Amino acid sequence: MSYRFPDDSHTLHTDAYELSMMQTYWQKGMADRRAVFELYFRDMPFGNGYAIFAGLERVIQYIEQLKFSDSDIEYLKTTRQFDDGFLEYLRDFKFTGSINSTVEGDLVFNNEPILQVDGPLIGSQLVETALLNIVNYQTLIATKAARIKSVVGSDPLLEFGTRRAQEMDAAIWGTRAAYIGGFDATSNVRAGKLFGIPISGTHAHALVQAYMNDYDAFKAYAETHYECVFLVDTFDTLKSGVPNAIRVAKEMGTKIDFQGVRIDSGDMAYISKRVRQMLDEAGFTDAKIYASNDLDEKTIMNLKMQKAKIDVWGIGTKLITAFDQPALGAVYKLVSFEDEHGKMIDTVKISSNAAKVSTPGKKQVWRITDRSDGKTEGDYVSLWDEDPREQDSIYMFNPDYTYINKTVENFDARPILQPIFDQGKLIYKVPELSEIRHFSKQHLDMLWDEYKRDLNPQIYPVDLSQNCYDNKMEIIQHVRDYVNQLKF
Ligand SMILES: Nc1ncnc2c1ncn2[C@@H]1O[C@H](COP(=O)(O)OP(=O)(O)OP(=O)(O)O)[C@@H](O)[C@H]1O
Ligand SMILES: O=P(O)(O)OC[C@H]1O[C@H](OP(=O)(O)OP(=O)(O)O)[C@H](O)[C@@H]1O
Ligand SMILES: O=C(O)c1cccnc1
């Protein structure tokens, strides 16, 4: 099958309704009015105490290529859904908005803006779908990876998910997100080439099946590789796989670096202990035991409790598909809009569910840390022009339960949303991936353990500044007054 048009771009990677709204904005003369949209999620993924932001590199790639090609316009014409004048306008469209975003690897929490687009309404609307698509997935996978990392401690973690991922893009960007979240290497060679992630791997059952016995397969592999990890469970791990791996390792001696064996089935606790004993008795005390087979943080924690002798963990399906929670559920909402007189008016989306009522106004998120111990106290969401660094103390309160409050002194406040695009121009340089990963770890270390446990973590405070809270209440009241006076 081939594509129907000679070129493909991501500009049409958007929902049709975005283009429909853009046509309305254009025809009604609203296209260039300033709009501020914010992207956030409402619930912590996997019930985790924190999430790890990922996706910015791809967001940048997407924004930089944003342009309607001739074939995009040609295709849109064939749909007969758009006005010709509007399509001609799109031909010259340029994204001239500003984007402020969390940087990759930083911690993010529910109900706070993690990315913000501020610019002409028409372009800010166009990018909604792609931004959500990118950030929803990558942040989810980085967070899942961090959860898995939290239970393995310092054991190496290998990403094996490509074959089970939801198509090729998910494998590539999911692997990158997993590396940000704490994985050490990937089996995906293309991800190694593109991003510089270390690649690593063993061999598959096919090799052993092709030779029809463990010994010949391991021997052939050893004769063609220096570093060897043998997969020992094709026929019988304890009776054939491990004894043959040991035999080959002894025969090859220093001609190979016998790094260990991989087990991929059976009772991993029992088998790994027996395998350890066999390797040790044969003198291979440094050989590592690799494990794979539908592993995730729950199984790993359980295996650790059973004192399984596993040194290296290979994780595929349950990481790359975010198996237990396949969607982050982030949304993109209009929080402020320029009226016909050039004045910015903050906007709200009301819901009968209090948690779903959006917080109006362009905002900044401040991570508040206690200077005495460097630990994170919580996040303080302020209106954009507020700066808590100018204050000696800040009053932090839970916006849903205002009686839960505290006054923080001797604090540092770090702005989470950083300038990425300024009126369409890229002004941010994405750091090396290894730096992003390191940054993430450093910031995770600043979080109290109570927020980091896998099960039922403490809820991290995401508080609104008094101004932000008052603004929200005032606007909600305003909308209610408007609705109440309607007569039909
Ligand atoms: N000791 C253990 N405790 C908890 N979970 C385990 C233990 N050993 C294996 N598991 C996990 O149990 C799940 C199912 O393993 P199961 O034994 O049913 O299949 P299998 O041995 O892989 O069979 P197959 O040969 O079909 O691959 C896997 O996710 C595996 O990681
Ligand atoms: O279990 P996951 O966490 O998804 O990890 C990836 C899986 O992919 C491989 O199995 P597969 O049966 O595809 O190929 P194989 O013959 O190499 O085992 C590998 O052996 C793992 O079991
Ligand atoms: O290298 C491996 O062992 C590997 C790679 C991909 C999937 N499963 C295992």
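Just so we're clear, the structure is a prediction, and the values are computed from it rather than from any experiment. Only this structure's heavy atoms are used, side chains among them; waters, hydrogens and symmetry mates stay out. Here, residue 1 is the first one in the sequence, and each next residue gets the next number. Atoms within each ligand, like the ligands themselves, are counted from 1 in listed order.
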Going by distance only, is there an N or O of His203 that falls short of 3.5 Å from an N or O of ligand 2?
-> no
Taking it one step at a time, do Glu38 and Lys363 satisfy salt bridge (charged side-chain N to carboxylate O under 4.0 Å, His left out)?
-> CA-CA 9 Å; Glu38 288 179 349; Lys363 299 179 285 298; 2.6 Å; yes
Under the salt bridge (charged side-chain N to carboxylate O under 4.0 Å, His left out) rule, what do Arg414 and Asp106 come out as? Steps first, then yes or no, please.
-> CA-CA 11 Å; Arg414 180 170 67 89; Asp106 209 345; 2.9 Å; yes
For Leu303, atoms of ligand 1 separated by under 4.0 Å from a heavy atom = 1 (N), 2 (C), 3 (N), 7 (C)
Ligand 2 to Asn293, heavy atom cutoff 4.0 Å, flagged ligand atoms 1 (O)
Identity and separation of the nearest protein heavy atom to atom 6 (C) of ligand 1 = Thr299 CG2, 4.1 Å
Within the structure, does Gln306 bring an N/O atom to less than 3.5 angstrom of an N/O atom in ligand 1?
-> yes
May I ask you to check whether Tyr332 and Phe37 place their ring centers less than 6.0 Å from one another?
-> yes
Within-cutoff protein neighbour (heavy atom, under 4.0 Å) for atom 16 (P) of ligand 1 | no
So the atoms of ligand 2 within less than 4.0 Å of a heavy atom of Ala204 turn out to be 17 (O)
Ranked by distance from atom 1 (O) of ligand 3, the top protein heavy atom is Thr202 N, 2.8 Å
Any side-chain heavy atom of Val232 within less than 4.5 Å of one from Phe218?
-> yes
For ligand 1, which atoms sit closer than 4.0 Å to a heavy atom of Leu295?
-> 31 (O)
With a cut-off of 4.0 Å, which atoms of ligand 1 are near a heavy atom of Asn293?
-> 15 (O), 20 (P), 22 (O), 28 (C), 29 (O), 30 (C), 31 (O)
Would you name the heavy atoms of Leu132 and Ala330 that are closest together and state the gap between them?
-> CD2-O, 3.3 Å
Among Thr321, Leu207, Asp294, Leu158, which residue places a heavy atom closest to atom 2 (P) of ligand 2?
-> Asp294
Is there a protein heavy atom at a distance of less than 4.0 Å from atom 2 (C) of ligand 1?
-> yes
List the closest protein heavy-atom neighbour of atom 8 (N) of ligand 3: residue, atom name, distance to the nearest 0.1 Å.
-> Phe160 CD1, 3.5 Å
With Lys144 as the cation and Phe46 as the aromatic partner, state whether NZ or CZ is under 6.0 Å from the six-membered ring centre and within 45° of the axis.
-> yes
For ligand 3, find out whether one of its N or O atoms is nearer than 3.5 Å to an N or O atom of Arg262.
-> yes
Backbone or side-chain N or O of Asp267 under 3.5 Å from ligand 1 N or O = yes
Give yes or no for whether the N/O distance cutoff of 3.5 Å, strictly under, is met between Lys318 and ligand 1.
-> no
Under 3.5 Å: donor-acceptor pair, side chain of Glu281, backbone of Met278 | no
Does Lys149 come within less than 4.0 Å of Glu297, counting only side-chain N to carboxylate O?
-> no
Pull out every atom of ligand 1 sitting under 4.0 Å from any heavy atom of Ala269, numbered as shown with elements.
-> 1 (N)
Please could you name the atoms of ligand 3 that Gly201 approaches to less than 4.0 Å, counting only its heavy atoms?
-> 1 (O)
Hey, can you tell me if Phe284 and Phe258 have their rings parallel, tilted or perpendicular (30° and 60° cut-offs)?
-> perpendicular
Which heavy atom of the protein is the closest neighbour of atom 14 (O) of ligand 2, given with residue, atom name and distance?
-> Arg163 NH1, 3.1 Å
Nearest to atom 12 (O) of ligand 2, what protein heavy atom do you find, and at what distance?
-> Arg164 NH2, 3.8 Å
Could you list the atoms of ligand 2 found under 4.0 angstrom from a heavy atom of Asp264?
-> 18 (O), 19 (C), 20 (O), 21 (C), 22 (O)
Taking N or O atoms only and a 3.5 Å limit, does Gly314 qualify as a polar contact for ligand 2?
-> no
Do me a favour and list the nearest non-hydrogen protein atom to atom 25 (O) of ligand 1 with residue, atom name and distance?
-> Ser265 CB, 3.8 Å
Is it possible for you to check whether Arg262 lies under 6.0 Å from the centre of the six-membered ring of Phe230, through NZ or CZ, and within 45° of that ring's axis?
-> no
Does some non-hydrogen atom of the protein lie less than 4.0 angstrom from atom 28 (C) of ligand 1?
-> yes
Counting each atom of ligand 1 from 1 as listed, which ones have a heavy atom of Gly266 under 4.0 Å away?
-> 8 (N), 9 (C), 20 (P), 21 (O)
Can you list the atoms of ligand 2 that are under 4.0 Å from a heavy atom of Gly316?
-> 2 (P), 3 (O), 4 (O), 5 (O)
Donor-acceptor contact present, side-chain Glu104 to main-chain Gly55, <3.5 Å | yes
Which of the atoms of ligand 1 are close to Asp294, meaning less than 4.0 Å from one of its heavy atoms?
-> 29 (O)
Aromatic centroids of Trp173 and Phe195 separated by under 6.0 Å = yes
Ring-face cation contact, Tyr75 with Arg4, 6.0 Å cut, 45° max = no
Taking non-hydrogen atoms only, is Thr317 closer than 4.0 angstrom to ligand 2 via side chain, backbone, both or neither?
-> both
Which of these, His205, Arg262, Gln209, has its nearest heavy atom closest to atom 18 (O) of ligand 2?
-> His205
Would you confirm whether Asn188, through its side chain, and Arg190, through its main-chain N or O, come within 3.5 Å as a donor-acceptor pair?
-> yes
For the pair Arg437 and Asp184, evaluate salt bridge (charged side-chain N to carboxylate O under 4.0 Å, His left out) and give the outcome as yes or no after the intermediate values.
-> CA-CA 10 Å; Arg437 187 166 175 272; Asp184 297 289; 2.9 Å; yes
Any Lys318 side-chain heavy atom under 4.5 Å of Leu295 side chain | no
For Met268, the ligand 1 atoms whose distance to one of its heavy atoms is below 4.0 Å = 7 (C), 8 (N), 9 (C)
So among Lys309, Lys304, Lys288, which one has a salt bridge (Lys or Arg N to Asp or Glu O under 4.0 Å) with Asp155?
-> Lys304
Does Lys318 come within less than 4.0 angstrom of ligand 2, counting non-hydrogen atoms of the residue?
-> no
Please work out which of the three classes, parallel, tilted or perpendicular, describes the rings of His225 and Tyr221, given edges at 30° and 60°.
-> parallel
